[in-house]
There are 2 protein chains.
Amino acid sequence: MGTPQLTKNQSLVMGALAHSDGPMSAYTILDKLRDHGFRAPLQVYRALDKLLEYGLVHRLESLNAFVACTCPHEHEHDHGVTAFTICEGCGQVTEFHDEGIEQRLSALVRAQSFKTEKTTIEIRGHCKSCA
Amino acid sequence: MGTPQLTKNQSLVMGALAHSDGPMSAYTILDKLRDHGFRAPLQVYRALDKLLEYGLVHRLESLNAFVACTCPHEHEHDHGVTAFTICEGCGQVTEFHDEGIEQRLSALVRAQSFKTEKTTIEIRGHCKSCA
DNA sequence: ATCGCACACGTTATAGCATAACGCAATTGA
DNA sequence: TCAATTGCGTTATGCTATAACGTGTGCGAT
Ligand SMILES: [Zn+2]
Ligand SMILES: [Zn+2]
Ligand SMILES: [Zn+2]
Ligand SMILES: [Zn+2]
């Protein structure tokens with residue numbers, strides 16, 4: 001059960017995100033895809049739901065926006081906790097993963113007897129170029 | 001330059017959050033305060049902006065909602081990175097702080113020459129009671 | 001074959017979250 | 001007194017997300 005073949009709409013949304021410099025809101029994606037027959041937000045949101053499920057796309061909660069996953073590895077298994085730096089200047093988003101963070105959070109949460117389903121880590125600030 | 005005296009609207013919003021079991025959206029707060037003369041979203045958002053600035057309230061990005069800060073210490077200085085567990089079952093939100101996470105994130109971000117302004121850590125899942 | 005089901009899709013309408021822009025009043029400090 | 005700041009109230013608008021309905025297509029079971 002890896003990533004299934006994408007449907008037409010899913011491919012279009014994936015393509016839009018993959019070729020974008022930075023994160024895009026669902027409505028921005030919609031606008032980019034009007035020429036390809038997209039007319040309504042739901043067409044985008046439905047595709048995004050699947051792409052998120054497949055792990056091809058991440059949602060940035062603090063921006064209400066979406067980015068293509070930049071993980072080098074295959075998307076066939078859940079990659080663990082994903083963290084992002086988000087530059088307020090140029091909009092650049094960098095995805096990264098760290099085993100240390102993951103373990104530390106896991107320990108803290110275990111101490112609460114809390115069962116984690118999804119972890120959001122987003123760091124807003126300025127990148128090297130925009131400092 | 002600690003926390004200034006709160007205005008009437010700020011106190012009302014702060015009170016609503018402090019007496020609530022869980023996080024509240026701005027519009028939920030608005031509804032709770034209609035009897036106290038609140039009529040428009042901006043009255044809530046403006047108060048929230050200040051309360052966030054003073055560190056009395058936190059915004060939960062993954063919920064578009066707000067909670068009163070539960071830090072024991074005074075709010076006169078920035079408390080460092082704040083993390084939350086959020087139970088999908090009962091809505092309970094627990095705020096916590098960890099020096100280890102903070103240092104690790106700080107090191108990772110420094111490696112990118114990234115200048116952090118605000119860090120969001122939110123863990124969605126189920127609490128002990130709701131497991 | 002054809003029935004039933006799952007799934008993607010299209011459309012309209014609606015709900016939920018947040019801010020722009022205007023004007024007024026009270027406070028402060030030069 | 002005058003200007004600047006801050007809070008407040010109101011109306012309008014914009015952005016984000018989902019509900020609800022119906023259509024069509026593929027595919028396995030009968
Ligand atoms: Zn990824
Ligand atoms: Zn930048
Ligand atoms: Zn706090
Ligand atoms: Zn719970």
Side-chain angles (χ1 to χ4, degrees), chain A residues 1-17 20 22-54 56-67 86 88 91 118 120 122 124, chain B residues 1-17 20 22-54 56-67 86 88 91 118 120 122 124:
Chain A
M1 198 224 108
T3 303
Q5 190 61 28
L6 298 185
T7 67
K8 181 156 179 287
N9 283 4
Q10 287 159 21
S11 294
L12 286 167
V13 170
M14 190 66 219
L17 281 173
S20 163
M24 300 174 85
S25 78
Y27 280 77
T28 304
I29 295 171
L30 175 57
D31 286 338
K32 293 249 188 247
L33 295 180
R34 290 212 186 266
D35 294 346
H36 296 270
F38 275 54
R39 321 269 346 195
L42 232 63
Q43 296 176 275
V44 178
Y45 281 111
R46 290 204 271 233
L48 284 172
D49 282 347
K50 287 299 182 181
L51 296 172
L52 288 166
E53 179 186 329
Y54 303 152
L56 297 175
V57 162
H58 297 290
R59 175 183 169 82
L60 300 172
E61 300 289 352
S62 68
L63 292 180
N64 294 327
F66 304 85
V67 285
I86 302 170
E88 314 267 7
K118 177 163 197 301
T120 298
E122 297 177 17
R124 306 282 293 265
Chain B
M1 198 222 106
T3 301
Q5 189 62 27
L6 298 184
T7 67
K8 181 154 177 288
N9 284 3
Q10 288 160 19
S11 294
L12 286 167
V13 170
M14 190 65 220
L17 281 173
S20 164
M24 300 174 86
S25 78
Y27 279 76
T28 303
I29 295 170
L30 174 58
D31 286 338
K32 293 248 188 248
L33 295 180
R34 289 208 187 270
D35 294 345
H36 296 270
F38 275 54
R39 321 276 336 202
L42 263 182
Q43 295 175 278
V44 178
Y45 281 112
R46 290 205 271 234
L48 284 172
D49 282 346
K50 285 301 181 181
L51 296 173
L52 288 167
E53 179 186 329
Y54 303 152
L56 297 174
V57 162
H58 298 289
R59 175 183 170 81
L60 299 172
E61 299 290 352
S62 67
L63 293 180
N64 295 326
F66 304 85
V67 285
I86 302 170
E88 314 267 6
K118 176 158 196 303
T120 297
E122 296 176 17
R124 305 281 291 265

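Proteins get letters first, then strands, A, B, ... in listed order; numbering begins at 1 in each.
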For nucleotides 21-23 of chain C, list the nitrogen or oxygen atoms of the protein found under 3.5 Å from its nitrogen or oxygen atoms, one pair per line.
none

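Residue A/Leu17 holds its CG atom at 7.5 Å from CG of A/Leu51, rounded to the nearest 0.5 Å. One finds the CG atom of B/Leu30 at 4.0 Å from the CZ atom of B/Arg34 (value rounded to the nearest 0.5 Å). Note that CD of A/Gln10 and OG1 of A/Thr3 are 10.5 Å apart. Values are rounded to the nearest 0.5 Å. In this structure, OG1 on A/Thr120 lies 9.5 Å from CG on A/Leu60, to the nearest 0.5 angstrom.
When distances are taken from the side chain of A/Thr7 to each of C/dG10, C/dA8, C/dA18, the shortest belongs to C/dA8.
In terms of phosphate contacts, B/Tyr45 brings a side-chain nitrogen or oxygen within less than 4.0 Å of OP1 or OP2 of C/dA18. In this model, the phosphate group of C/dA18 is approached by a side-chain N or O of B/Asn64 to a distance below 4.0 Å at OP1 or OP2.
One can place OH of A/Tyr54 at 10 Å from C1' of C/dC7, the figure rounded to the nearest angstrom. Between B/Leu48 atom CG and C/dC17 atom P the separation is 13 Å, expressed in whole Å. Between the CD atom of B/Glu61 and the P atom of C/dC17 there is a distance of 14 Å, given to the nearest Å. B/Tyr27 places its OH atom 8 Å from the P atom of C/dC17, with the value rounded to the nearest Å. Atom-to-atom, CG of B/Leu52 to C1' of C/dC17 comes out at 15 Å; the value is rounded to the nearest Å.
Bracketed by its first and final contacts, the part of DNA chain D lying under 4.0 Å from non-hydrogen atoms of chain A reaches from D/dT16 to D/dA20 in 5' to 3' order.
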Let me have the donor-acceptor pairs involving side chains of residues 35-44 of chain B, under 3.5 Å, with sequence neighbours excluded, atom names and distances please.
| from | atom 1 | to | atom 2 | distance (Å) |
| --- | --- | --- | --- | --- |
| B/Gln43 | OE1 | B/Arg39 | N | 2.6 |
| B/Gln43 | OE1 | B/Ala40 | N | 2.9 |

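The two residues A/Leu48 and A/Ala26 come nearest to each other via the heavy atoms CD1-CB, 4.2 Å. The two residues A/Pro23 and A/Gly91 have their closest heavy-atom pair at CD-O, 3.4 Å. Closest non-hydrogen pair, B/Glu61 versus B/Glu122, comes out as N-OE2, 2.6 Å. Minimum interatomic distance between B/Ile86 and B/Ser62 (heavy atoms only, all atoms of both residues): CD1-OG, 3.9 Å.
Within the 4.5 Å cutoff, the side chain of A/Arg124 has heavy atoms near those of the A/Leu63 side chain.
For A/Leu52, the side chain to side chain contact (heavy atoms under 4.5 Å, CB included) partners are A/Val57, A/Arg59, A/Phe66, not counting sequence neighbours. Legend: residues meeting side chain to side chain contact (heavy atoms under 4.5 Å, CB included) with A/Ser20, ordered by chain and number and at least two apart, are A/Met24. A/Ser11 pairs by the side chain to side chain contact (heavy atoms under 4.5 Å, CB included) definition with A/Leu6, not counting sequence neighbours.
Each salt bridge (Lys or Arg N to Asp or Glu O under 4.0 Å) pair with one or both residues in residues 41-52 of chain A, not counting sequence neighbours, appears once here: A/Lys50-A/Glu53.
In secondary-structure terms, DNA chain C builds stems of at least 3 consecutive Watson-Crick or G-U pairs, each pair having both distances under 3.5 Å, at C:1-30 with D:1-30.
The stretch residues 28-40 of chain B touches DNA chain D through B/Arg39, B/Ala40, each having a heavy atom under 4.0 angstrom from the strand.
Along DNA chain D, the nucleotide nearest to A/Ala26 and the one nearest to B/Lys50 differ in position, and the one closer to the 5' end is contacted by B/Lys50.
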